[in-house]
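Report on one structure; see the data block that follows.
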2 protein chains.
Amino acid sequence: MASTRRERARDATTAEIKATARALLVAEGPDALTVRAIARTMGLTPAALYRYFGGHEELVTAMCGDVLDEITATLEAARDTVGLEDPMGRLMAICRAFREWSLAHPREYQLTFASMIDKPLVGPGSDQGEDGIAFGSVFLGVFAEIWAHRPFNVPADDQLPPALVLQLREFSARTGEILPLGVLVAYLSGWVRLYGAVTIEVFGHLGFALADPEPMFEAMLADMRRAMTTPVS
Amino acid sequence: MASTRRERARDATTAEIKATARALLVAEGPDALTVRAIARTMGLTPAALYRYFGGHEELVTAMCGDVLDEITATLEAARDTVGLEDPMGRLMAICRAFREWSLAHPREYQLTFASMIDKPLVGPGSDQGEDGIAFGSVFLGVFAEIWAHRPFNVPADDQLPPALVLQLREFSARTGEILPLGVLVAYLSGWVRLYGAVTIEVFGHLGFALADPEPMFEAMLADMRRAMTTPVS
DNA sequence: TTGTTTATGCGAACGTTGTTCACTATGCTG
DNA sequence: CAGCATAGTGAACAACGTTCGCATAAACAA
């Protein structure tokens, strides 16, 4: 990609900045993620960083992109731990990997997944951002696998609220129309449940009742499986 | 409470500070929630505020408490819209009210429910904070109502993972031992699903697929109802 | 090789933030 | 009335994000 020497050096510095920022984030928390601190630990003047980033916000946005790439790779690796003959197992592997990564990287999680839409909007496939789509397609892909392998009981289109059907049609068109709307509902519900379970645990908002939420997480996964293995009636 | 004149004046100022902070938060966003800005809009010196609050963090913590009280009152009001003969309807009212309040007050929601455990830890009943317990007991109370009104199918204690049983026993002891452990599981699962669905919507992380997540939210409520109306087998 | 351009970094500065401190009034209390 | 706690002031400090003009070194054209 980077042909000329200059471009290579520039990319290296950019990477070093992001790496330093990342290290600062995990070591000192989000409040320490400051332009001046990054410059300081790199032996640079704060002003110098503005040759590489438009400002503080742009820098953390770039970091979110990196995080999203990293977690996408992690999920794919976890997914490929399980063979294609067991797509449900692949989904479970993804979910568990998502939880474990998030618990191991709470700061990054907060930055990337628990920010308002003001900031970089992400989900499993975000409006803006290529990284987001990649992240989302990992999930969507395995749902397609599951459906192809063994269809389960999903509501027919005319059993869904009309308002929902309209939105799902749009979403389906955007994602290649590979799945029935009912499967998209399962996909979205699954993502919402996973996101919620992980977020509440990362924030510690379950500590009032459970010191170790893992069994509850597994129970949620079991319920998710149950919903997706009801035979077609 | 406040007998002497001085104390009354002090409490009034304290309240005005929190009100100003709140107004600033909703009008300008969390970044504008600054000690100096509050003092400025009140016609005070920044230093003066330190007679009332230990610092910025303590101030937003106090605000979170207020928010928690406010939302608790809102949920109770919504709950009492439905008569005692329909406890499930009361739960649904609470859930919908929680979603609507959160969508109408995203900044407050972010501050109160989407902060790390570093900050004020809250959940439906938090480790620290009386407001949290009040908030949580609204939920727990209606679950008790439902169970008393019509028991549903919950796993027996020996069907639950032993690690979970131990934690649930502790939690049960802390909350008065009024419910079987399986009902506590339903309660916690319900809170996790509600929290997740609302959080993901408030953050806009569902916008990649749905412009209006309300039907999906209703579907989640329906599934919650289903899980809590399976007759005892 | 020489001259020109362009990217990179520096240093200083501005306005903002949270917070502390010495000081001055004001109003309550004995 | 005397004494004292309290509320508020103003100035200061360190740290922040950001901008500007100036140097320097690398890349390129002649």
Side-chain angles (χ1 to χ4, degrees), chain A residues 1-25 27-64 107 111 115-116 118-120, chain B residues 1-25 27-64 107 111 115-116 118-120:
Chain A
M1 274 305 169
S3 51
T4 99
R5 175 181 183 81
R6 275 281 250 268
E7 274 173 342
R8 248 178 306 153
R10 184 169 226 289
D11 289 2
T13 309
T14 307
E16 189 188 345
I17 293 175
K18 290 196 284 188
T20 310
R22 184 75 171 275
L24 232 52
L25 172 70
E28 315 270 353
D31 293 345
L33 187 47
T34 159
V35 176
R36 293 188 108 104
I38 300 170
R40 206 178 307 133
T41 42
M42 285 183 64
L44 271 187
T45 295
L49 296 191
Y50 283 79
R51 302 280 178 195
Y52 298 87
F53 292 97
H56 182 262
E57 184 168 331
E58 190 176 318
L59 206 154
V60 329
T61 302
M63 268 194 44
C64 284
R107 314 284 197 188
L111 221 62
S115 47
M116 283 285 257
D118 299 288
K119 300 250 182 155
Chain B
M1 274 301 170
S3 51
T4 99
R5 177 179 181 80
R6 277 280 251 267
E7 274 173 343
R8 247 178 306 153
R10 187 181 174 76
D11 289 2
T13 310
T14 307
E16 188 189 344
I17 293 175
K18 289 197 286 189
T20 311
R22 184 75 170 276
L24 231 54
L25 173 70
E28 315 270 352
D31 293 344
L33 186 48
T34 158
V35 175
R36 293 189 110 102
I38 299 170
R40 208 178 303 134
T41 46
M42 285 182 64
L44 272 186
T45 295
L49 295 192
Y50 284 79
R51 303 279 176 195
Y52 298 88
F53 292 97
H56 182 262
E57 185 169 330
E58 190 176 317
L59 206 154
V60 329
T61 301
M63 269 195 45
C64 285
R107 315 284 197 188
L111 220 62
S115 47
M116 282 286 257
D118 298 289
K119 302 250 183 156

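Sequence lines set the chain letters: A, B, ... in the order given, protein chains first and strands last, and positions in each chain run from 1. Values reported hereafter were calculated over all heavy atoms of this structure, with side chains retained and with hydrogens, waters and symmetry mates removed.
Taking CD1 from B:Ile38 and CD from B:Glu16, the interatomic distance works out to 11.0 Å, rounded to the nearest 0.5 Å. Interatomic distance, B:Glu58 CD to B:Tyr50 OH, rounded to the nearest 0.5 Å: 10.5 Å. Note: B:Glu28 CD to B:Arg107 CZ = 9.5 Å, rounded to the nearest 0.5 Å. Within the model, atoms CE of A:Met63 and CD1 of A:Ile17 stand 12.5 Å from one another, a figure rounded to the nearest 0.5 Å. Note that CG of B:Asp11 and CZ of B:Arg8 are 10.0 Å apart. Values are rounded to the nearest 0.5 Å.
One finds a side-chain N or O of A:Arg10 lying less than 4.0 angstrom from the OP1 or OP2 phosphate oxygen of C:dT8. At the phosphate of C:dT16, neither OP1 nor OP2 sits under 4.0 Å from any side-chain N or O atom of B:Thr34.
Within the 4.0 angstrom heavy-atom criterion, no nucleotide atom of any strand lies near B:Phe53.
Contact check of residues 38-50 of chain B against DNA chain C (heavy atom, cut-off under 4.0 Å) returns B:Arg40, B:Pro46, B:Ala47, B:Tyr50.
A:Asp31 places its CG atom 21 Å from the P atom of D:dA14, with the value rounded to the nearest Å. Between the C1' atom of C:dA7 and the CG atom of A:Asp11 lies a distance of 14 Å, rounded to the nearest Å. Separating the CD1 atom of A:Ile17 from the C1' atom of C:dG9 is a distance of 12 Å, rounded to the nearest angstrom. Whole-Å rounding puts the A:His56 NE2 to C:dT17 P distance at 16 Å. Atom CD of A:Glu58 and atom C1' of D:dG17 are 14 Å apart (whole Å). Rounded to an integer number of Å, the gap from CD of B:Glu7 to C1' of D:dA5 is 13 Å.
Looking only at side-chain heavy atoms (C-beta outward), A:Thr14 and A:Phe53 come within less than 4.5 Å of each other.
Heavy-atom distances to DNA chain D give each of A:Arg51 and A:Arg36 a nearest nucleotide, and the one nearer the 5′ end belongs to A:Arg36.
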